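Note that the structure is predicted; figures quoted are calculated from it, not measured. If you read the sequence from its start, that first residue is 1, and numbering goes on from there.
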Amino acid sequence: MPPSVSPAAPAAGKGRSRPARVAALAAAVVVVAGAVAVVVTVLINGAATDDPGPAPSGPGSSAAALSPADCPVRSTNPPWAPPLHPGDKAEFIEDVTLPDCARVDAGKTVTKVWRLKNAGTVPWTGYSLRRLDFAQQADQCQTISDVPIKDTPPGGTVDVETVVTTPRKPGLCYVRFKMVDASGAILFPGSRPINFQIIVDAR
């Protein structure tokens, strides 16, 4: 019996009709476009969101809203990323006021203070804390959107404060901020947000 012989492959450009070549090219374009879409989705929903964290802050903001039983909320680390400015570094020192799970009456105005340290080599000028959470609703703790940080030299510490107004309904306010520069760019994309967690009690 003679050995089997595989049919010869058609020469390049031959043996395939023009419609077939067009269909193959179209399929390749779809695959490439799909890959690009996946990459864009990862960038938008991954590191760019900078630790999306739990449900929106504020009691009653959604069916998945946090409750006092969830306090303290444990946030996760975002993907590693270098600081925006080489040599820049921030360290959280302490909650000067309103430690996690502090209880505040509904409809009250209080002051939240964080103490931070400029642990890098870059002077902090024009920096602020920008609120990350969704648009504020009536049942959320109210704050300003950008909390200014006093200019701080390397090695210095600074107290950053903002006024917080609690909602009229009891629940849990979990509000997150990220440090940004004067242009609004996030300075430490690889660091957890700074937050406050307040249990709002019925009056």
Going by the disulfide bond (SG atoms under 2.5 Å apart) test, which pairs reach into residues 76-128, not counting sequence neighbours?
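Those involving residues 76-128 are Cys71-Cys101.
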Output yes when a side-chain donor or acceptor of [X] lies under 3.5 Å from a complementary backbone atom of [Y], and no otherwise.
X      : Y      : result
Asp181 : Ser183 : yes
Arg203 : Ala106 : yes
Lys112 : Glu161 : no
Gln142 : Gln140 : yes
Asp88  : His85  : no
Thr152 : Thr157 : no

For the residue pair [X] and [Y], establish whether any side-chain heavy-atom pair is separated by less than 4.5 Å.
X      : Y      : result
Leu129 : Lys178 : no
Pro153 : Asn118 : no
Phe196 : Leu98  : no
Thr109 : Val163 : yes
Thr111 : Thr162 : no
Cys173 : Pro167 : yes
Phe177 : Thr143 : yes
Leu172 : Val73  : yes

Answer yes when Asp159 and Lys150 have at least one side-chain N-carboxylate O distance shorter than 4.0 Å, and no when they do not.
no
Quick check for you: to the nearest 0.5 Å, what is the distance between [X] atom [atom1] and [Y] atom [atom2]?
X      : Y      : atom1 : atom2 : answer
Ile149 : Trp114 : CD1   : CH2   : 9.5 Å
Ser191 : Phe92  : OG    : CZ    : 13.0 Å
Leu66  : Gln197 : CG    : CD    : 8.5 Å
Leu187 : Leu84  : CG    : CG    : 5.5 Å

For the hydrophobic clusters of this structure (ILVMFWY residues joined by side-chain heavy atoms under 4.5 Å, transitively), does one cluster hold both Val96 and Trp124?
no
Salt bridge (Lys or Arg N to Asp or Glu O under 4.0 Å): pairs with one or both residues in residues 96-109, sequence neighbours excluded:
Arg103-Asp201
